[in-house]
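The structure presented is a predicted model; accordingly, all values stated were derived computationally and were not measured. Proteins get letters first, then strands, A, B, ... in listed order; numbering begins at 1 in each.
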There are 2 protein chains.
Amino acid sequence: MNLVLPVRPVQERVRATPIFDDGQIILGDCIEELAKLPAKSVDMIFADPPYNLQLGGDLFRPEGGRVDAVDNDWDHFASFAAYDAFTRAWLTEARRVLKDDGSMWVIGSYHNIFRVGTALQDLGYWVLNDIVWRKANPMPNFRGTRFTNAHETLIWCAKDADAKYHFNYRAMKALNDDLQMRSDWVLPICSGAERLKDVDGHKAHPTQKPESLLYRVLLACTKPGDTVLDPFFGTGTTGAVARRLGRRWIGIERETAYAKVAETRIHATLPLDESAMETVPDKRSQPRVAFGLLVESGMVPPGTVLSDAKRRWKAAVRADGSLNCGPHTGSIHKVGAGLNKAPSCNGWTFWHVERQGRLVPLDTLRQEHLAGVE
Amino acid sequence: MNLVLPVRPVQERVRATPIFDDGQIILGDCIEELAKLPAKSVDMIFADPPYNLQLGGDLFRPEGGRVDAVDNDWDHFASFAAYDAFTRAWLTEARRVLKDDGSMWVIGSYHNIFRVGTALQDLGYWVLNDIVWRKANPMPNFRGTRFTNAHETLIWCAKDADAKYHFNYRAMKALNDDLQMRSDWVLPICSGAERLKDVDGHKAHPTQKPESLLYRVLLACTKPGDTVLDPFFGTGTTGAVARRLGRRWIGIERETAYAKVAETRIHATLPLDESAMETVPDKRSQPRVAFGLLVESGMVPPGTVLSDAKRRWKAAVRADGSLNCGPHTGSIHKVGAGLNKAPSCNGWTFWHVERQGRLVPLDTLRQEHLAGVE
DNA sequence: CCCCATTGTGAATCTTTTA
DNA sequence: GTAAAAGATTCACAATGGG
């Protein structure tokens with residue numbers, strides 16, 4: 001039987017079928033179940049542990065809706081010390097289970113990733129990279145109190161400093177248009193049809209990760225036939241992508257409801273050769289240049305006077321990239337629109353700087369900036 | 001005298017001229033010199049501490065012999081412990097020196113940032129964001145063994161969870177083409193003419209940060225006239241940008257050679273015009289105007305009919321500045337919230353008056369009122 | 001059929017002042 | 001201290017529905 005069930009009340013048990021031929025879901029506590037696995041038995045570990053968010057009260061959107069926050073019991077810890085103890089416990093068992101030439105990934109946010117990284121290093125793991133998942137479509141900061149929290153961090157590490165880990169350098173380079181894959185990955189969050197729903201139409205899991213993220217992780221450091229372990233399985237994204245890529249998988253999950261969803265999901269997942277026509281969603285970021293970037297970089301210093309092509313208006317650039325022209329203040333687009341009494345205006349082509357007596361549109365400077373950056 | 005010199009061999013001293021009118025370089029050990037600064041005296045701290053673990057010197061020997069049973073490598077553990085002791089020492093002094101409404105930035109890489117973040121949290125600092133500096137032109141990974149290390153991480157934090165820190169939300173938004181500034185910043189590394197060289201043409205400092213990075217940091221959370229402290233001053237990027245933006249600055253640097261370069265550099269830096277230094281003002285910092293004041297002053301006479309932007313609702317202004325719309329009665333905010341069935345509503349932007357056939361938000365009248373008063 | 005306006009939503013440490 | 005009121009605040013997508 002592939003679905004390993006610890007002793008539990010009958011009503012909590014997951015149905016023992018279907019049988020998977022390439023993996024298993026273990027229902028139970030992550031640390032206890034990790035301790036039962038044999039030493040040096042898995043090639044890679046992907047872990048998405050609780051982040052230990054410390055949320056206050058409700059948060060409302062500007063239009064009045066309430067943010068559906070992560071307030072699950074599994075994310076509550078009494079203190080940093082309690083979170084650290086939990087982290088060190090599962091990391092210790094994970095290291096025992098990992099093969100000497102295996103590697104591990106852990107994902108987190110600023111709430112927990114520093115604790116995880118410190119614990120990793122203290123336990124002897126060797127950090128290979130920290131990877132930034134730059135979310136193409138993060139939730140904004142509704143109150144204007146901080147920077148939009150637009151990324152999460154993954155730590156990739158080997159068992160120790162001398163370990164011979166596996167890295168598919170060529171595959172990563174190919175995935176990135178023949179340029180070395182960088183430590184920042186732009187990927188959309190999990191939404192749309194990929195986002196699993198329960199019978200009521202609510203999201204089945206509050207923090208489901210996109211398959212594109214796991215795809216890249218698995219392709220980076222495992223081979224077909226390798227065994228991948230996920231101690232915080234949730235709705236089984238790791239299992240689904242592992243199956244698709246021909247890797248074996250083991251998932252440990254405490255919540256019966258999540259495990260059931262994962263079971264159904266993975267059962268419906270086809271290995272890649274049978275669904276070769278599918279493409280992996282991997283949207284690449286378009287280089288977008290904010291006018292402020294030209295100000296910061298010194299290309300258009302604050303105080304520069306801009307004018308339109310016919311020198312009818314002049315406006316001064318301020319420190320934050322906003323313009324000032326009489327009563328009109330704001331972005332290059334907004335001030336241009338105000339002066340033209342138009343609903344909108346392309347500030348990049350409307351505004352010019354003077355160079356050797358000739359007016360050069362901002363758009364030209366933008367092109368030069370892009371050329372210099374690349 | 002602005003350049004404060006501790007007792008040192010003469011040949012190590014920095015020339016005491018020129019005098020700065022907006023800051024000072026303190027030559028000496030970061031922790032010792034921090035300890036001499038008065039409590040709650042600086043508005044912001046930017047710190048670029050050493051990334052590597054060989055700190056040298058006998059000052060920060062790891063205290064105690066706590067051996068982690070899981071880790072047999074004593075030297076390895078010892079260097080982390082030494083780094084942690086050093087980190088906690090300077091972070092403790094920094095927190096004492098920081099004003100209660102100030103904030104701090106620390107930059108690092110995966111070698112040290114987890115240690116720094118954990119120490120921060122343990123000492124009571126409250127993380128506001130982790131910011132990823134995505135390098136537009138990083139050094140590639142020559143051996144193809146890992147992902148290109150293409151970013152560094154900055155932690156932005158307040159003194160504690162309840163602290164009232166300062167954030168120039170509007171200025172950041174202006175700098176990013178009127179979109180919320182995100183936690184990932186794409187900026188080029190420091191190179192070309194900006195990169196300081198010594199007399200031999202070698203780079204003067206191995207890890208000089210780009211001014212664009214400091215520009216954004218300083219613009220985000222300081223005001224003109226604020227005092228910025230950099231305990232690892234190096235070649236003075238923080239001081240140069242602070243001077244340019246009209247902020248006061250204090251730099252602590254142990255190496256005479258770096259301090260000399262910084263001195264020359266900052267002396268050659270010109271402050272921006274005050275008008276160029278202006279940024280889009282935050283609404284929260286604007287003086288409050290009671291809606292009733294506009295009614296009293298005749299700008300919005302009693303009886304005026306207000307409507308929302310889509311003319312779905314209308315409400316009549318009463319003599320005391322309250323609104324009436326069917327069963328809803330009260331302030332412009334309360335009636336707007338009631339009609340929207342929302343928990344709250346900004347009546348200033350929700351309600352409009354008709355002017356020459358066009359709807360103008362009350363917020364515009366408020367701006368006109370403020371302009372007329374001044 | 002397409003097109004556009006509208007609505008919903010995502011790991012969130014998300015306010016400040018006055019009574 | 002607490003409670004209520006004032007007032008500031010959102011980006012990228014996906015799904016839906018009307019014309």
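- Ring centroids of A:Phe77 and A:Phe86 are separated by less than 6.0 Å, placing the two rings close together.
- The separation of D:dT10 from C:dG8, taken at their C1' atoms, amounts to 13 Å, rounded to a whole angstrom.
- Using a 4.0 Å heavy-atom cutoff across all strands shown, A:Arg195 reaches sugar-phosphate atoms only and no base atom.
- Using a 4.0 Å heavy-atom cutoff across all strands shown, B:Arg366 reaches sugar-phosphate atoms only and no base atom.
- One C1' atom belongs to D:dC13, the other to C:dT13, and the distance between them is 26 Å to the nearest Å.
- In this structure, B:Trp126 and B:Asp162 have side chains that are not in contact, with every pair of non-hydrogen atoms separated by 4.5 Å or more.
- Going from the C1' atom of C:dA11 to that of C:dT15 covers 22 Å, rounded to whole Å.
- Atom CD1 of A:Ile189 and atom P of D:dA14 are 10 Å apart (whole Å).
- The local environment of NZ in B:Lys40 is sparse, with at most 12 non-hydrogen atoms from other residues, nucleotides or ligands closer than 6.0 Å.
- Checked for salt-bridge contact, A:Glu255 and A:Lys260 miss the test: no charged N lies under 4.0 Å from a carboxylate O.
- In this structure, A:Asn112 reaches neither bases nor backbone, as no heavy-atom distance under 4.0 Å exists between it and the strands shown.
- Residue B:Arg170 places at least one side-chain N or O closer than 4.0 Å to OP1 or OP2 of D:dT9.
- Salt bridge annotation for A:Asp230-A:Lys209: absent, with no cationic side-chain nitrogen under 4.0 angstrom from a carboxylate oxygen.
- Within the 4.0 angstrom heavy-atom criterion, base atoms lie near A:Lys209.
- Relative ring orientation between B:Trp156 and B:Phe167 is described as tilted, the plane-to-plane angle lying within the 30° to 60° band.
- Using a 4.0 Å heavy-atom distance criterion, A:Ser109 is classed as making no nucleic acid contact.
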B:Asp100/B:Lys159 under salt bridge (charged side-chain N to carboxylate O under 4.0 Å, His left out): CA gap, chis, key distance, verdict: CA-CA 6 Å; B:Asp100 286 343; B:Lys159 258 183 102 161; 3.1 Å; yes
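- Regarding A:Ile113, its CD1 atom lies at a distance of 16 Å from the P atom of C:dA11, rounded to whole Å.
- In this structure, the NZ atom of B:Lys334 is 20 Å from the C1' atom of D:dA8, given to the nearest Å.
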Dot-bracket line, read 5' to 3' along DNA chain C, where crossing pairs take [ ] and | marks a partner on another strand, Watson-Crick or G-U under 3.5 Å: .|||||||||....|||||
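- Ion pairing between a basic and an acidic side chain is recognised when a charged N comes within 4.0 Å of a carboxylate O; B:Lys99 and B:Asp101 show no such pairing.
- What separates NE2 of A:His76 from P of C:dA11 is a distance of 17 Å, to the nearest Å.
- Base orientation at D:dT10 is anti, since its O4'-C1' glycosidic dihedral falls outside 90° of 0.
- At a threshold of 4.0 angstrom between heavy atoms, the contacts of A:Pro49 include nucleobase atoms, whether or not backbone atoms are also involved.
- The residue A:Phe60 sits apart from the nucleic acid: no heavy atom pair falls under 4.0 Å.
- D:dT9 and C:dT17 have their P atoms separated by 14 Å, given to the nearest Å.
- At the heavy-atom level, B:Ser344 lies under 4.0 Å from base atoms of the strands shown.
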Which atom pairs, one a donor and one an acceptor, fall under 3.5 Å between side chains of residues 317-328 of chain B and the rest of the protein, sequence neighbours left out?
from: B:Arg318; atom 1: NE; to: B:Ser322; atom 2: OG; distance (Å): 3.1
from: B:Arg318; atom 1: NH2; to: B:Ser322; atom 2: OG; distance (Å): 3.3
from: B:Asp320; atom 1: OD1; to: B:Ser322; atom 2: N; distance (Å): 3.0
from: B:Asp320; atom 1: OD1; to: B:Ser322; atom 2: OG; distance (Å): 2.6
from: B:Asn324; atom 1: ND2; to: B:Thr329; atom 2: OG1; distance (Å): 2.9

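- Distance, B:Asn168 CG to D:dA8 P: 17 Å, rounded to whole Å.
- No side-chain N or O of B:Arg366 forms a donor-acceptor pair with one of B:Gln286 less than 3.5 Å apart.
- Counting any heavy atom pair closer than 4.0 Å across all strands shown, A:Ala136 reaches sugar-phosphate atoms only and no base atom.
- Rounded to whole Å, the distance from CZ on A:Phe232 to P on C:dA11 is 18 Å.
- Counting non-hydrogen atoms under 4.0 angstrom, A:Cys190 reaches nothing in the nucleic acid.
- Atom name C1', nucleotides D:dG18 and C:dC1: the rounded distance is 14 Å, in whole Å.
- For the OP1/OP2 pair of D:dG7 and a distance below 4.0 Å, the side-chain nitrogens and oxygens of B:His333 include at least one atom meeting the criterion.
- Under the 4.5 Å side-chain criterion, counting only non-hydrogen atoms from C-beta, A:Phe233 is in contact with A:Ile25.
- Within 4.0 Å of B:Ala161, counting heavy atoms only, lies no atom of the nucleic acid at all.
- The side chain of A:Lys203 lies closest to C:dG10, out of D:dC13, D:dA8, C:dG10.
- Residue A:Lys334 qualifies as open at atom NZ: its count of foreign heavy atoms under 6.0 Å is 12 or below.
- Counting to the nearest Å, the C1' atom of D:dC13 and the CD atom of A:Glu194 are 13 Å from each other.
- Within the structure, every side-chain polar atom (N or O) of A:Lys135 is placed at least 4.0 Å from both OP1 and OP2 of D:dC11.
- Straight-line distance from the NE2 atom of A:His205 to the P atom of C:dA11: 11 Å, rounded to whole Å.
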Nucleotides 12-19 of chain C: protein proximity per nucleotide (B base, S sugar-phosphate only, - neither; heavy atom, under 4.0 Å): BBBSSS--
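- Between the side chain of A:Asn72 and the base of C:dA11, no donor-acceptor pair under 3.5 Å is found.
- Note on B:Asn346: every side-chain N or O is 4.0 Å or more away from OP1 and OP2 of D:dG7.
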